[in-house]
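First up is the structure itself, then whatever we jot down about it.
Proteins get letters first, then strands, A, B, ... in listed order; numbering begins at 1 in each.
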Amino acid sequence: MRLSNYFLPILRDDPKEAEIISHRLMLRAGLVRQSSAGIYSWLPFGHRVLRKIEQIVREEQDRAGAIELLMPTIQSADIWRESGRYDDYGKEMLRITDRHDREMLYGPTNEELITEIFRDGVKSYRELPRNLYHIQWKFRDEIRPRFGVMRGREFLMKDGYSFDLTPEAARHTYNQMFVAYLRTFERMGLKSIPMAAETGPIGGDLSHEFIILAETGESEVFCDRDVIEKSAPGADLDFSSDLAQIVSEWTGKYATTDDMHDAARFEQEVPAGRRVSARGIEVGHIFHFGTKYTEALNCRVQGPDGDLIAPHCGSYGIGVSRLVGAIIEASHDEAGIVWPEPVAPYTVGLLNLKSGDDATDAACNDLYGKLRNAGVDVLYDDTDERAGAKFSTMDLIGLPWQVIVGPKGLAQGEIEVKNRASGERSTASPDAVLARFAG
RNA sequence: CGGGGCAUGGCGCAGCCUGGUAGCGCACCUGCUUUGGGAGCAGGGGGUCGCAAGUUCGAAUCUUGCUGCCCCGACCA
């Protein structure tokens with residue numbers, strides 16, 4: 001994309017309403033614009049990031065055996081009455097009345113709807129287990145939205161729902177999602193830590209929040225450094241195999257949010273040198289809730305001996321739009337955003353330091369065309385801004401690689417490559433640079 | 001919902017106390033000079049001062065009501 005043809009409204013100054021760093025940078029770098037409290041428009045740059053995150057989530061869900069569908073944003077109040085949550089949910093639920101005075105709502109979550117769909121479509125135990133997910137906008141009318149996209153009212157979420165015949169089978173599905181989440185966040189360049197979470201009335205240990213560490217995180221977290229240093233299983237993992245071993249390796253170490261924190265146990269279980277007390281952002285949450293909704297909504301499958309059985313369920317969320325903010329919180333510096341390459345809106349920023357100069361124009365056009373042909377996502381700053389302004393803009397928007405073409409270097413047959421994260425620079429011929437990215 | 005604050009051009013702000021025809025920086029447009037870390041000079045465009053009512057000869061400024069947004073708290077993917 002040529003910057004001269006693009007829509008990337010950069011702000012030089014911090015908008016005063018934005019308090020935390022990710023919110024400021026998202027506004028300044030032209031990712032989003034606030035539409036009203038907690039509701040944002042995603043500008044082209046932000047939209048690209050959102051799509052990249054979504055795609056990674058999708059690939060890892062599919063790999064783990066989950067199946068994608070798409071449910072609507074607007075739901076009928078009826079099924080929420082059936083489950084009993086219509087009155088329980090309170091003011092967080094945005095209620096809407098249609099022209100026929102039917103009560104509708106903008107879905108804050110989808111347990112009821114998926115259970116209804118599953119109930120109507122599956123009658124036999126032979127069709128279990130199934131794990132269905134979608135990536136859809138949700139609305140929760142938070143009392144006080146804040147932190148930009150991190151606690152918006154409208155947000156994009158991956159929510160998955162699993163149906164198993166037995167609690168043991170449900171546990172396996174839970175483990176599949178547990179491992180899928182580890183892989184998902186790791187692929188985004190994030191260090192995620194599964195932490196024991198409140199399980200509610202169900203009890204047991206089948207609820208985990210996935211937290212990423214960031215100074216501006218909303219909650220205080222405590223963990224064993226060993227957990228931070230672990231890495232997720234590789235892509236070759238067989239998700240149908242028993243994953244209990246992997247899960248227990250992760251859950252065996254101390255890791256909790258402050259509401260579950262037990263200082264005495266922390267000090268007893270974790271050697272002083274490995275105790276980490278930090279702030280974190282919740283980007284995912286998985287839990288098992290058994291037959292709560294299948295029973296309430298009369299969802300039954302027929303078992304091998306003819307009995308009707310309410311499937312055991314779990315649900316698994318990932319805050320897709322929140323992740324955009326969370327990634328920035330975890331990856332930025334004084335100059336701006338530092339995108340991890342897998343989620344960067346473009347991989348390479350090509351800077352023409354002297355637009356209008358025949359030599360740099362020709363070199364940039366040539367390189368731009370070849371990079372594009374090689375399938376590299378490249379944003380070409382072909383505007384007639386001065387060099388300094390281009391550097392600042394490129395640092396602000398945080399593309400992982402900057403390819404810098406100026407008249408001086410070009411006279412020596414060289415252009416420069418800068419790594420945004422490390423600041424490391426090297427020079428090479430245009431062909432060598434092309435080979436590096438296109439190779 | 002309790003407490004605090006803000007609302008003046010795209011962004012950041014001054015002006016308000018003490019009413020008199022709206023200003024600054026950045027951004028934007030034109031020209032010239034410049035050109036490897038947010039250039040200089042000159043000229044220019046853009047604002048029903050959040051909305052409504054009131055006071056007044058006259059309201060961005062004073063009064064009342066409303067709305068929106070932000071921050072702290074309780075609550076949350």
Inset, instruction - Both distances under 3.5 Å, Watson-Crick or G-U wobble: report the partner of B:U55, or none. - result: none
Inset, instruction - Look at all strands and tell whether A:D14 reaches a base, only sugar-phosphate, or nothing, counting heavy atoms closer than 4.0 Å. - result: sugar-phosphate
Inset, instruction - Tell me which nucleotide among B:G25, B:C70, B:C28 gets nearest to the side chain of A:E17. - result: B:C70
Inset, instruction - Using a strict cut-off of less than 4.0 Å between a Lys/Arg side-chain nitrogen and an Asp/Glu carboxylate oxygen, indicate whether A:D395 and A:K418 qualify as a salt bridge. - result: yes
Legend entry - Closest listed nucleotide, where the reference is the side chain of A:D395 and the choices are B:A39, B:G37, B:C69: B:G37
Inset, instruction - Under 4.0 Å between any heavy atoms, over every strand shown, what does A:T393 touch: base, sugar-phosphate, or nothing? Just pick one. - result: base
Legend entry - Any A:R146 side-chain N or O less than 4.0 Å from OP1/OP2 of B:G73: yes
Inset, instruction - Ignoring the backbone of A:F155, work out which of B:A77, B:C11, B:G73 is nearest its side chain. - result: B:A77
Inset, instruction - Would you indicate what A:Q34 reaches in the nucleic acid, counting non-hydrogen atoms under 4.0 angstrom: base, sugar-phosphate, or nothing? - result: sugar-phosphate
Inset, instruction - With heavy atoms under 4.0 Å as the rule, sort A:K16 into base, sugar-phosphate or nothing. - result: sugar-phosphate
Legend entry - Sugar-phosphate, base or nothing in reach of A:G409, heavy atoms under 4.0 Å: base
Inset, instruction - Indicate whether OP1 or OP2 belonging to B:A77 is found under 4.0 Å from a side-chain N or O atom of A:R140. - result: no
Inset, instruction - Consider the side chain of A:R151, meaning its heavy atoms from C-beta on, and name the nucleotide among B:G12, B:G38, B:C75 that approaches it most closely. - result: B:C75
Legend entry - Nearest-nucleotide 5' precedence on RNA chain B, A:H23 against A:E416: A:E416
